[in-house]
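Just so we're on the same page: letters track the sequence lines, and every chain starts at 1.
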2 protein chains.
Amino acid sequence: MRITFTHLKFVILGALFLTLVLTLFQAVCVTKSYSHRCPEKENTNISSSPSPLINLPREKLPTIYLITPTYSRAEQKAELTRLGNTLLHVESIHWILIEDSDFPSNLISNFLARFQALSKNRSNIRVTHLVKRTPIEYRTKLNDPNWLKPRGVLQRNEGLKWLRNNRNNIDSRGIVYFADDDNTYDLRLFDEMRDTKKVSCWPVGLVGGLMVERPLVNDENKVIGWNAVYKPERLYPLDMAGFAVNITLILKNPKAFFTLKVPRGFQESYLLKQLISDISELEPKSDKCTQVLVWHTRTERPNLKQEVKLKRPSNENIEV
Amino acid sequence: MRITFTHLKFVILGALFLTLVLTLFQAVCVTKSYSHRCPEKENTNISSSPSPLINLPREKLPTIYLITPTYSRAEQKAELTRLGNTLLHVESIHWILIEDSDFPSNLISNFLARFQALSKNRSNIRVTHLVKRTPIEYRTKLNDPNWLKPRGVLQRNEGLKWLRNNRNNIDSRGIVYFADDDNTYDLRLFDEMRDTKKVSCWPVGLVGGLMVERPLVNDENKVIGWNAVYKPERLYPLDMAGFAVNITLILKNPKAFFTLKVPRGFQESYLLKQLISDISELEPKSDKCTQVLVWHTRTERPNLKQEVKLKRPSNENIEV
């Protein structure tokens, strides 16, 4: 049998038809596999009023700038590892990690290199590594109780400075959140803060001597007071983990900073009074501040008393 | 022109050829999109000897059965939330959570419902919720130091019983790992344990009074001893977080359990001596036990001293 031009036409016709069918089939599969791969994006909004942002594709969400002060200690890498595992689920974030140090440490540099490798191809997760040493007279000593001196103050300020110095390169719709490395974050928290217009706020679990310290909110979704018992004279008696700020306010008020000069517990109020005039400007989140999506967990200092009995440290040449 | 049988043969021929080409093309695309969607799966194998499992699609990996005892306390939901955030990155796991309780609590039921919603469409993440109450004489009291009594013993046994009772429905290639709810896990740990043949082991950070407690391994990748200083007379001086067991050994030895009758620190050795005959059967992981991929972190009991000053608890109608 001779293969004629007519035969070839039919070959092409058949091929084109199958291509069409397969393309349609593939499109269906890809859509399915997408929802299969990103399960953490479902069921994440618990607000009573849905945010207008829910219609944006996740990679176009306003960036959340996470300012995380960190300092060298036995459990540092562990803390950052589990925080990193949480943040890898969150779209459109820029994690600014500020070490209490004169120089970037190998441990943090290695950690961030790995975190970036894990977030590779998620172009909307970025990282910045800064350092700022706390002067010796303000440093917590090994046997000081952890509340004696303020911690992370100058590091958070360094993060604020970085945002202002890079005002031309950052997301002008961005949100700033002070995310300490030992807290615990529910993924829905990041959805809640994402549409902050000025300053948003919400409950924090296990802080201020309470199961939950929180703003009290009326039916019109306005903050009308606080349930705080610890230093209730604070102007804004909430924890560092309990609020987020729109980047516009940070840029508009270039001298707004934290300070080493206020007593413990007053950092949040000190910053916020430079940004807003009163509680009427606060935006309550988490279903009128009735849901706990962040906990002020603290990690025990590990017992290392066997370490002194060793001639060579157990972690010689091993990063812990 | 008449369409003959010959024409149809050519249509089929062309279609089959294009199908072959497209299938190959699709396979390449799926592989690419796969690595794109799961950034946490890159750079994950730090072993010197690559596992034969790396060629399996991730959803066909042997199941890791995670046995996690948990008990009611202020920080319980926080702990499980951050552990859950980590586990959501891991493919092919079955999380068996066993409450120290007579009845399933609302808190854990709610938590697991949410975890399952997040892992929905990951058919390879499963959950089982069990309960087992520790008898009153073995329970840690509120002001007891946390090391006074063994904890999680009967709950872990309940997990082992469940596996044996469900032997016909579980993955016969599975691995069993005792994953406490307060430890910190690097995602690579799960890749390391995945091809355990009998019992695998690796270093654990921040345990036994050391920065790292670990098996000592020779050039042939055999365990030849331990660096433990805390109770070095233990037969297998490693932490609960420092080993995993192939399911076959659990099923072959149906009477192998933990016990309330051994002193603190001896649970691991008590179980392992029922499963293997000596250290020659151990399989060292994590690059000859030189990498720390799990930390025995402990969370501080939160200070709740303001709570007593309140007429109504701060968390009335609020789950913390």
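Taking all atoms of both residues into account, the shortest heavy-atom contact from Ile318(B) to Cys289(A) is CD1-O, 4.5 Å. Residues Thr299(A) and Glu300(B) approach most closely at O-OE2, 4.0 Å, considering heavy atoms. Contact between Gly205(A) and Val320(B) at its shortest, heavy atoms only, is CA-CG1, 4.1 Å. Taking each heavy atom of Ala78(B) and Thr297(A) in turn, the nearest pair found is CB-CG2, 3.8 Å. Taking both residues in full, the closest heavy atoms of Arg114(B) and Asp186(A) are given as NH2-OD1, 3.5 Å, listed atom of the first, atom of the second, then distance.
Taking NE2 of His296(A) as the start and CD of Glu75(B) as the end, the distance is 14.0 Å to the nearest 0.5 Å. Note that CZ of Arg82(B) is 8.5 Å distant from CG of Asn183(A), once rounded to the nearest 0.5 Å.
Remark: the backbone N or O of Val292(A) is not paired with any side-chain donor or acceptor of Glu319(B) at under 3.5 angstrom. Of the possible donor and acceptor atoms, one in the side chain of Asn85(A) sits under 3.5 Å from a partner among the backbone N and O of Tyr185(B). Remark: side-chain polar atoms of Glu307(A) are paired, donor with acceptor, to backbone N or O of Met211(B) under 3.5 angstrom. Distance alone, capped at 3.5 Å, places no donor-acceptor pair between the Ser314(A) side chain and the Glu213(B) backbone.
Proximity of Thr81(B) to Leu187(A): side-chain heavy atoms (C-beta onward) are nowhere separated by under 4.5 Å.
Remark: Lys231(B) NZ is packed, more than 12 non-hydrogen atoms of other residues, nucleotides or ligands lying under 6.0 Å away. Applying the 6.0 Å contact sphere to NZ of Lys60(B) captures no more than 12 heavy atoms from other residues, nucleotides or ligands.
With respect to chain B, the highest number of heavy-atom pairs below 4.5 Å among Asn315(A), Val308(A), Val207(A) belongs to Asn315(A). The choice from Glu79(A), Arg214(A), Lys309(A) that makes the most heavy-atom pairs within less than 4.5 Å of chain B is Arg214(A). Looking only at heavy-atom pairs under 4.5 Å with chain B, the residue among Tyr230(A), Phe115(A), Trp295(A) that has the most is Trp295(A). Interface summary for chain B: among Thr290(A), Val212(A), Asn227(A), the most heavy-atom pairs under 4.5 angstrom belong to Val212(A).
Heavy-atom distances place no part of Leu83(B) under 4.5 Å from chain A, backbone and side chain included.
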